Structure formats: structure tokens, C-alpha cells
Trainee: 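My structure is below; once you've seen it, I'll send some questions.
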Amino acid sequence: AMKTFSRTSIFQPSAVTGADGQLLSGGSSFLGNLMWQSLPVASQFMPKVYRPIALEDLALAMRLNVELCDASEAVEKLDYRGMMMIIGKDADL
């Protein structure tokens, strides 16, 4: 018999930063790249959902979500706040 997934988790970071704090990818046009590079500054004035997340934190959230989180929903969408709650950094919110 074929086994099915009990849950699908969709991680929705607005942007991901590397160990140096720099964004990991940019836009393909000049305007797109300019807007992308301004995200870390602009996100401070926007809802927390748009905060960049460190690659290490994203990977940790994915791992802990698989290992520890209950599969009560068939599909879950995790934004910045959800990922921070999984890894225990929700005091920052």
C-alpha cells in the first residue's frame, strides 16, 4: 500500500539571509535588485511577516517542524512568526 503524507508544511519566508546577514538572491533587473536590497531596511517598518529570516533559522524550523510539531492540519502555512515560534524565538515578536 502506498503511504501518504499526514501533513504538508509550506514555509513562506519573505527573504532569506546568509551567515553574513546578506540576502541570498536578488532581482534580475536593476529596479528589482534595488527593491530586493532595500527589503532589510523597509521590513523594519512593515508587519513582522515581511522580516528576513536567517538560513540557519529556516533550516532549524523545518527540522523541528518535522520532528516535534503535531500533524493536526493537513496543510499548514508558516510565515516569519510561525517559523520563529517553532524555533523558540517568539519572544522577539
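Being a predicted model, the structure only gives us computed values, none of them experimental. Quick note: residue numbers are just sequence positions, from 1.
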Trainee: Crowded around F11 CZ? As in, over 12 foreign heavy atoms under 6.0 Å?
Mentor: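 Atom CZ in F11 is crowded, with more than 12 foreign heavy atoms closer than 6.0 Å.
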
Trainee: Just to verify, what does Q44 make a side chain to side chain donor-acceptor pair (under 3.5 Å) with, not counting sequence neighbours?
Mentor: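 Applying side chain to side chain donor-acceptor pair (under 3.5 Å) to Q44 gives none.
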
Trainee: Would you say CE of M35 has more than 12 non-hydrogen atoms from neighbouring residues, nucleotides or ligands within 6.0 angstrom?
Mentor: no

Trainee: Just to verify, what does L68 make a side-chain contact (heavy atoms from CB on, under 4.5 Å) with, not counting sequence neighbours?
Mentor: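 For L68 the side-chain contact (heavy atoms from CB on, under 4.5 Å) partners, ignoring immediate neighbours, are L64.
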
Trainee: Between side-chain atoms of residues 51-63 and protein atoms elsewhere (two or more places apart, or another chain), which donor-acceptor pairs fall under 3.5 Å?
Mentor:
unit_1: R51; atom_1: NE; unit_2: S43; atom_2: O; d: 3.3
unit_1: D57; atom_1: OD1; unit_2: K89; atom_2: NZ; d: 3.2
unit_1: D57; atom_1: OD2; unit_2: K89; atom_2: NZ; d: 3.1
unit_1: R63; atom_1: NH1; unit_2: E67; atom_2: OE1; d: 3.0
unit_1: R63; atom_1: NH1; unit_2: E67; atom_2: OE2; d: 3.3

Trainee: Which pairs, with at least one residue in residues 11-22 and sequence neighbours excluded, count as a side chain to side chain donor-acceptor pair (under 3.5 Å)?
Mentor: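 Sorted result for residues 11-22: empty, none.
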
Trainee: Hydrophobic clustering (ILVMFWY, side-chain heavy atoms < 4.5 Å, transitive) - are V41 and F30 grouped together?
Mentor: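 Different hydrophobic clusters.
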
Trainee: Residues in side chain to side chain donor-acceptor pair (under 3.5 Å) with S9, at least two apart?
Mentor: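 Listed in chain order: R7, N65, E76.
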
Trainee: Start with the C-alpha distance between L23 and V16, add both sets of side-chain angles, then the distance that settles side-chain contact (heavy atoms from CB on, under 4.5 Å), and finish with yes or no.
Mentor: CA-CA 6 Å; L23 296 174; V16 179; over 6 Å; no

